[in-house]
Amino acid sequence: MMSRRKFLILTGAVAAGAILPAQISAKTQFVETAEEVRAKRRWAMAVDVSKCTECVKELVAKTGNPEVKPPCVVACDRENNVPEFEDKRIDPQWMRIAKLKLNKPSVNPEEFYIPLLCNHCEHPPCVQVCLTQASFQRPDGIVVVDIHRCIGCRYCMIACPYGARSFNFRDPMEGLKEVNPEVPMRAEGVVEKCTFCAHRVDKAVAEGKEPVPACVEACHLYGKGALTFGNIKDPNSKVSQILRDNLAVQLRANLGTDPHVFYLKLGGE
Amino acid sequence: MIGILFGVIVPYIAVAIFVLGVIYRIVNWANSAVPLKIPTTGGQQKSLPFIKRTIYDRFDSPYTWWETAGRMLLEIFFFRSLLKNTRYYLDRVSQKDARWLWLFGILFHYSLLLVLIRHSRFFLQPVPSFVEMLSDIEAFKGVFIPQVYISGLAIVAALFLLWFRRIFLSRERTLSLPSDHFALILLLAITISGNLIRYFFKANLELVKELLANLMIFNISKAAAIADQIEPIFYVHFLLACFLLAYFPFSKLMHAGGVFFTPTRNMPNDNRARRHVNPWDPEPTAPIFTKGITVAGRTFKSKKLDWDTYYEMYRDQLDEIAEGDYMIVPEEL
Amino acid sequence: MAVEFKKINGDSLPYFALVVILAIVTAAGFYAYVLDHQIAGLNGLSNRVPWGIVNAGIPYFIGLSAGSLIVSALAGVFNIKKYKVFSRIAAYMAAAWIIAAILSIALDIGKLYHFMNAVRYFNLTSIFSWNAFLYSSYFVICSIYLLVQFEEMDRATRFMAGLAVFWAVLVHSGTGAIYSFVYSKELYHSALTPPMFIVCAITSGLGLLLANLYFTFRFTKRELDPSLIRGLALIFAGLMMILGYFLAVEGLEKGYIPALHEAVQFVFLNPGASIFWSFWLLIVFGIAIPIIIVLNPKTGYNLKWISLAGIMHAALVFAERFYLIVPGQVFPEEYLPGYELESLHTLEGYIVSYTPTIIEWAQIIGLIAMVYLIYVVGVRIFALIPERAVEEDVDVEVVKE
Amino acid sequence: MYHKRYVIPLILVFLIGFFTPYWYNAMAGSFGYEPELKKPAGECVEDAKWMASNHMLLLQQWRTQGIRSAAEGGKIYHSFTTGKEFYITINDCWSCHTDKKEFCDQCHDYIGIHPECWDCHYTPDIEKPHYEGIDGLSKYFS
Amino acid sequence: MEEAPEKIEIRQRFPSWKEMLKPVKKFEEGRVSYLSLPKQVDSEFFKMPFGDVERSLDDLKLPDNWKEIFLDAMKETLEKNRAFKLFMDICVRCGACADKCHYYIGTGDPKNMPVARAELIRSIYRRYFTPAGKIFGELAGARELTEDVIRELYYYAYQCSLCRRCSLFCPYGIDTAEIVWWLRRMLSRIGLNQRFSTISIEASARTGNHLGLLPGGMAGAIQQGLEELKDITGFDLHTYINKKGADVLFVAPSADYFATPHWFVMLGYLLLFNELEEKYGITITWSTYASEGGNFGTFHSYEAAQLLNSKIYKEAERLGVSFIIGGECGHMWRDKHQFINTMNLPPKHEEWKRFWEDPDLGEIAEGLRGIRFDSYASGEHGWIHILEFVAALIEHKKIEIDKSRNDHWVATYHDPCNVARGMGLIEEPRYVLRNVMNKFYEMPEHTIREKTYCCGAGGGMLADEIMDLRMRGVMPRMMAARHVFKKYGVNILLTPCAIDKAQFPTALEYWKIPIEVGGPMEMVGNALVLTAFGEKPEDRQYDLRGDPIREGSGGE
């Protein structure tokens, strides 16, 4: 039951009410600022191309299907609710496998397989061009699409040098066989791409564990362990060690985007 | 206590005043006679078959019932007369279009319509899908939470524009009476308080709908109990709206009903095809003046100039004309 | 005698028929949009070619808009009195085309009702974001420019004309930059695009305006002096030559890079693809023949021929937009130089075909019809067209002042 | 009264229009209908009454922090009414409000608001099988 | 406006709303109409309440209980006229009408805005008839009825020409003419009448026409016209007057019998009638009893209008005509189109009935078969405008026209307000003019057709004592006329309205625009080839003004 006094002061509470939404955020104190995170963590992935090639070749041989999906891709699709459609032109892909061959067959006629995924560039062109700041780079380096903001202009797809982004031409719900509650599904008319399994990363960080994206986990579990994920700001992490020991190649490094997916052992041992 | 007073008693009174008041005004107008058929003709009449009438003429100078109805509908839905608005310049030959008033008027009235349709969600159960569809279309769905309804903001803007006309244009300032400002301020207060509830001080809308549902079925004790739980900011909006309802029938806002009665618009221009009968002089055998009019107890009666009187008065001249067999020929020089 | 602008009567049957036809085509365009978004797979887009001809509509319409506006502003900015007769109609067309441009963005984006996000979360580094601002402000400037013309406020008109031209240049550079600043696609990346855009915009807008003026004056049975049009036609031809020059420079520059040899060959010398045709048709029918028409003394003074040249050029500038937008996406990028790459699960590494479907064409045609609907209704509501456009009339006024 | 032929229908139209809720609700048979919420177990992040009016603001704040922050501190929500802290994850609400139909939809249907959250977001009502984690993938590679 | 007279100075004032409620005490010179004298309003045939005393504005000499009488009259009006009551209630004071009034444009007097003019009486209405006005008084825009207010009401009621231009632009169709008309009626109940219109009303009530012409005078005037026509055409023409058994009764405004630009129009009528009679055998008669088409009663009150127009149907019945043709007049057509058959019982005699059962002119004269008046088909009206009639004759090629006879005229056409906005006769005159002359140009679009500007002298405003007001009111029309004069070299302003024809010569002189005034029927008369008399197109040497026709036009 409301008292008369309360009613009267509430007329004066106009000002207090106006800042209600602001209050919610004002009270939230960050135990760890963005700058601190930036100094502490930068996620990256290293791909051992020889192991990867070995794995895919084995699978192709086993199934006889030249378009077979290796464990990493399957895990990515399931984990992130990536829909599957028949039509290759509009089928969204977060992670996919590409076949490489050197231009000079006389030197090396062998084919290699590499996974292609979002490179989580240090200077991501997609973030530069996004109209609505829907694509953004988190302080820990992961580039994410905030689909609440995406308007589907597809400028980021044009700008991305790696073709890492997919547009939802159809309602993704139609192409889903099972659902992972941890990751939101996307709607028709927005752009999506690999997030380095940001939900897994955040959960692991909060629990103080080493984060492992789904593809990496699946690669180790079912594949040859070609993928390595970790924090390159930490010199002791596995990724740092591997990158120290090997010559790493970045895709289209000449553009200066500084991608954070590194390919090792390109062209064999 | 406040809940009962503002949440129960006031709305009942306001609705009663509104409904009875509007009916009273309509009946009151209908009680007056329409002595003459006086449409304002804004275009070519229906006349000889070779005189072309354009579609605009049909609506501006209607001849049939349908054309008249069309004229009224265009008037009501598109404010067609205001659309003809021009402004006169003393120093120029030409006149310019000045349709701002039309634009602001349309903006306000259609926003109001949308706002009212959206408010029907508080009265109708289940909420009709077209109401939801309209709300979704006008809101930037998903961009702002809560949704931002364009009509809700546009109506405030339009009211301010209409009010600024009255404040800043010297001619309009001269014309405006306090009641004109008052109506605008009242509407502004309602719309602004509505927007405040929507975007800043949230009220529990579910309780609001429950309150209204209980009021509708006269479940007063339940309504009063619910009314007490609703946030006070709601009552600012609600009370003002109730006041508007009660104020409506007795103010110029009644133009909403009056526009249907305008004799210059709702009559066809078919005087020559259908005779209009004056209800208070249905059989005019002789002019009223010759029957005499009574003012303050005294009767003033004019003499009737019928042919016989006339003939008596000018007998010689008329006879002379008759002698010439009613024919005039030029005089032989 | 001063130029007097007058509304048309607009009560004849052909007029209503025209309005109805345009309205139907417009409605069909919007219906195509609805279909496009409800049923997947009706358009020719894919994850490799996400921008098609609906997107090409943006630069195309913007170009038509600017071309119109610059004609309009000639009178104001450079004080060329004789073009004052066309200033209203041109400014009005400019405003109408910008609406079409904004709508073609609206038809193109995936989540239309989220568009306010672009305002709410304005991204300073995004050229598209700036363009959204430029387009809307450009529309406002056009409207104010038109308004001050209606109100015959001479000083304000000159000021607004200047501002409008400045803004038009800005908008065009911006639109060009949307494409040319994309450094990840070599066929897009070019510093020449923004200036070429401005030239191309003026020629296409001017070309269409010429035809527009001819037909409007003809249908309203008003007098139009060929010598006035001739002046504009010469400007038109001159700018088309500059456009041709720009195209040549850019093509040759691209062809000079060994890395792009394959792509350039694909674009210019591959008659199997629509891109080849879009380019060469533009060169031949969109530039060469119109220039010949205008410069040939036999045809260059004839309003019919000039408007034919204008229409040809304006129509084929759409091919130029196609040639600008599509090849960069169709031709695969090289992720790892020295290696040939083929994706197992997507279309990366392949040349992807993009053929606009009828649904996409319907949207573009619907927008064009909408602009003409706005125009046809506009000449009835507003005093846009001069009672007669004859050079002597205009000259007399110059003498008087 | 003159023109009864027009005036009486006009009054009737006015009355029918103004009293739309009566005939509409009578036709729908929903006079006095009130939604019944299934009271969830457990403690909410904010006071229930505050939530009834302001939950949309909370959810917006929740989602922005949840997506945009990489630092774990950025993912901590401080309750406005109770002062407690909560770590933001995507499916927190479902832990107590187990039934969307009996909770969310009750009020939303009543007021006629249908937010687009569930176009993408998981709800317990969703009919598709759940993903079982990486370990469950073995069936694809056996 | 390089050549506009220096003397006109428009002082625009924008007082506060409170000041607007206060009655104006100081009346501008040249804008106040004189009050009626007893001989006009206390005459035998036109007896108005309290008309027996001579009044002036300084000394109104109102009856003792004038307030009661006025309010009673107002109450009666509210009951008797829905338009008045509605217009009292629904105005929202949006201001759309404000600059539509030519008197407001010309004078700048804020109370001349149509809305403010209506507000003068509306404030009284609020004070005495609405609860808000009774309670809140001035705040609700209400004011007491005092003698000053009455004076002000009179002052502004007679600054309106009842042209209805404001009504066209009002979103609710509020017709200030209607308000003012009934206000004048209320004022007449306490003895306040305008002298100029009551002179004419009284004369018309007594003699049948406004000029007070006796039958002999009228016959003489027509006869003189016939003589003049003989000089011009060389033919012996004739016409009928008061002829029983004629086919058609013709009613013209009485000014046509004497006044100058009107005169040529009458010659045009006579030529047409003779041609028709000679060729087709249709007889058209004038009447001395119904010798007046105009009706100054429509400027005064419902009853006065009825008093004056009641004669015509009676006369039609007496003469046994089939229908009535009306001449060129503006307010006459408001009266004849919208009022007359409501205010009177239409004639019921046989010829009339027979004709309107099948309104084809072939029923009267076989040669004219095919001209049908189906749109007016009703035995209860029976009026045809002379220009409609001529348009039909031209369309059916029943008369022969030689356009070139009007080549020395470059004409423009002014729509009389009542004909355009009270009747909708817009295209017919243009049709006629395009067919009888080669050089016809329209004035600017917003000053013609239904948006036409008033001549500033309608509604009883033709009085000489309000010359200042008249010249201010005519300004917009003159600006438009000057525009076409400069642009096309127009040398005649045609208008089918007697009051316009009286006002425009004065106004054109005042505004220094060297063009003539005339009526469309004059042009018809010029161009009409009297084939029935054996006239050839090239025979006519002089136009109806006596000027040589082909001089200066053919050669150059």
Side-chain angles (χ1 to χ4, degrees), chain A residues 56 66-69 73 87-93 96-104 112-114 116 125 127-134 148-155 157-163 165-171 187-191 249 251-252 254-255 257 263 266, chain C residues 37 39-41 43-51 55 105 108-132 178-179 181-185 188 325 328-329 332-349 352:
Chain A
V56 177
E67 294 185 0
V68 70
K69 288 188 174 174
V73 177
D87 188 352
K88 252 190 189 179
R89 288 145 45 93
I90 61 164
D91 181 30
Q93 289 292 343
R96 67 273 182 204
I97 304 294
K99 185 164 72 180
L100 280 187
K101 205 161 76 182
L102 197 63
N103 270 349
K104 298 180 173 51
F112 310 101
Y113 290 91
I114 59 166
L116 291 176
V127 171
Q128 263 184 345
V129 302
C130 181
L131 268 101
T132 59
Q133 303 179 8
H148 300 112
R149 287 191 192 176
C150 179
I151 59 172
C153 72
R154 314 191 286 285
Y155 196 14
M157 297 174 71
I158 300 287
C160 177
Y162 309 105
R165 289 169 167 257
S166 307
F167 183 69
N168 281 297
F169 286 96
R170 299 177 65 176
D171 187 355
E188 188 189 338
V190 296
V191 171
V249 175
L251 296 186
R252 301 188 82 177
N254 60 326
L255 293 179
T257 52
Y263 295 89
L266 203 66
Chain C
H37 280 247
I39 305 168
N43 54 32
L45 301 177
S46 63
N47 276 328
R48 303 294 307 142
V49 188
W51 276 0
N55 193 290
I105 301 179
D108 190 46
I109 64 179
K111 271 206 176 310
L112 176 57
Y113 55 86
H114 279 187
F115 79 95
M116 274 304 281
N117 276 332
V119 179
R120 195 177 175 195
Y121 309 107
F122 192 86
N123 185 2
L124 289 176
T125 58
S126 167
I127 295 157
F128 212 149
S129 211
W130 279 105
N131 271 294
I178 290 181
Y179 305 97
F181 280 22
V182 172
Y183 50 82
S184 61
K185 290 189 171 26
Y188 273 21
I325 290 177
Q329 304 172 60
E333 298 135 345
E334 216 167 30
Y335 292 160
L336 206 54
Y339 287 88
E340 276 168 15
L341 182 143
E342 276 173 21
S343 174
L344 300 191
H345 310 122
T346 60
L347 296 172
E348 280 156 309
V352 190

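Hydrogens, waters and symmetry mates are skipped; everything else that's a heavy atom, side chains included, is used. Since this is a predicted model, take the numbers as computed values, not measurements.
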Item to check | Side-chain donor or acceptor of A/Y162 paired with backbone N/O of C/Y335 under 3.5 Å | outcome: no
Checklist entry - From C/I109 CD1 over to A/Y155 OH, what is the distance, rounded to the nearest 0.5 angstrom? => result 15.0 Å
Checklist entry - Can you check whether A/S166's main-chain N or O pairs, donor with acceptor, with C/N47's side chain at less than 3.5 Å? => result no
Next on the checklist: What I want to find out is whether C/E334 reaches A/R252 closely enough, with some N-O distance under 4.0 Å, to be called a salt bridge.
Outcome noted: no
Item to check | Toward chain A, the part of C/F181 with a non-hydrogen atom under 4.5 Å | outcome: neither
Checklist entry - Is chain A contacted by the side chain of C/F122, its backbone, both, or neither, given a heavy-atom distance below 4.5 Å? => result backbone
Item to check | Per-residue contact mode, C/I105 against chain A (heavy atom under 4.5 angstrom) | outcome: neither
Item to check | C/P337 portion near chain A, given a 4.5 angstrom heavy-atom threshold | outcome: neither
Checklist entry - Measuring from C/E333:CD to A/C160:SG, what's the distance to the nearest 0.5 Å? => result 8.0 Å
Next on the checklist: At a heavy-atom distance under 4.5 Å, which candidate from A/D91, A/T132, A/V73 has the highest pair count against chain C?
Outcome noted: A/T132
Checklist entry - chain C heavy atoms under 4.5 Å from A/V127: which part of the residue, side chain, backbone, both or neither? => result backbone
Checklist entry - Roughly how far, to the nearest 0.5 Å, is the CG atom of A/L266 from the CG atom of C/L336? => result 5.5 Å
Checklist outcome for this item: Note: A/I90 and C/L45 closest approach over all heavy atoms is CG2-O, 4.0 Å
Next on the checklist: Donor-acceptor pair, distance only, cut-off 3.5 Å: does the side chain of C/K111 make one with the backbone of A/A187?
Outcome noted: no
Checklist outcome for this item: Okay, C/E348 and chain A: the region with an atom under 4.5 Å from a heavy atom over there is side chain
Next on the checklist: With a 3.5 Å distance limit and no angle check, can you tell me whether C/Y183 reaches the backbone of A/A159 through a side-chain donor-acceptor pair?
Outcome noted: no
Checklist entry - Is there a donor-acceptor pair closer than 3.5 Å between any side-chain N or O of A/R154 and the backbone N or O of C/D108? => result yes
Next on the checklist: Between C/W51 and A/M157 (side chain of the first, backbone of the second, donor and acceptor by atom type, cut-off under 3.5 Å), is there such a pair?
Outcome noted: no
Checklist entry - Using non-hydrogen atoms only, which part of A/I97 is less than 4.5 Å away from chain C: side chain, backbone, both, or neither? => result both
Checklist entry - Between atom NZ of A/K88 and atom CG of C/L347, what is the distance when rounded to the nearest 0.5 Å? => result 6.0 Å
Item to check | chain A contact via C/I39 - which portion, at a heavy-atom distance below 4.5 Å | outcome: neither
Next on the checklist: Can you tell me how the ring of A/F112 sits relative to the ring of C/Y339, calling it parallel under 30°, perpendicular over 60° and tilted otherwise?
Outcome noted: perpendicular
Item to check | chain A contact via C/E340 - which portion, at a heavy-atom distance below 4.5 Å | outcome: both
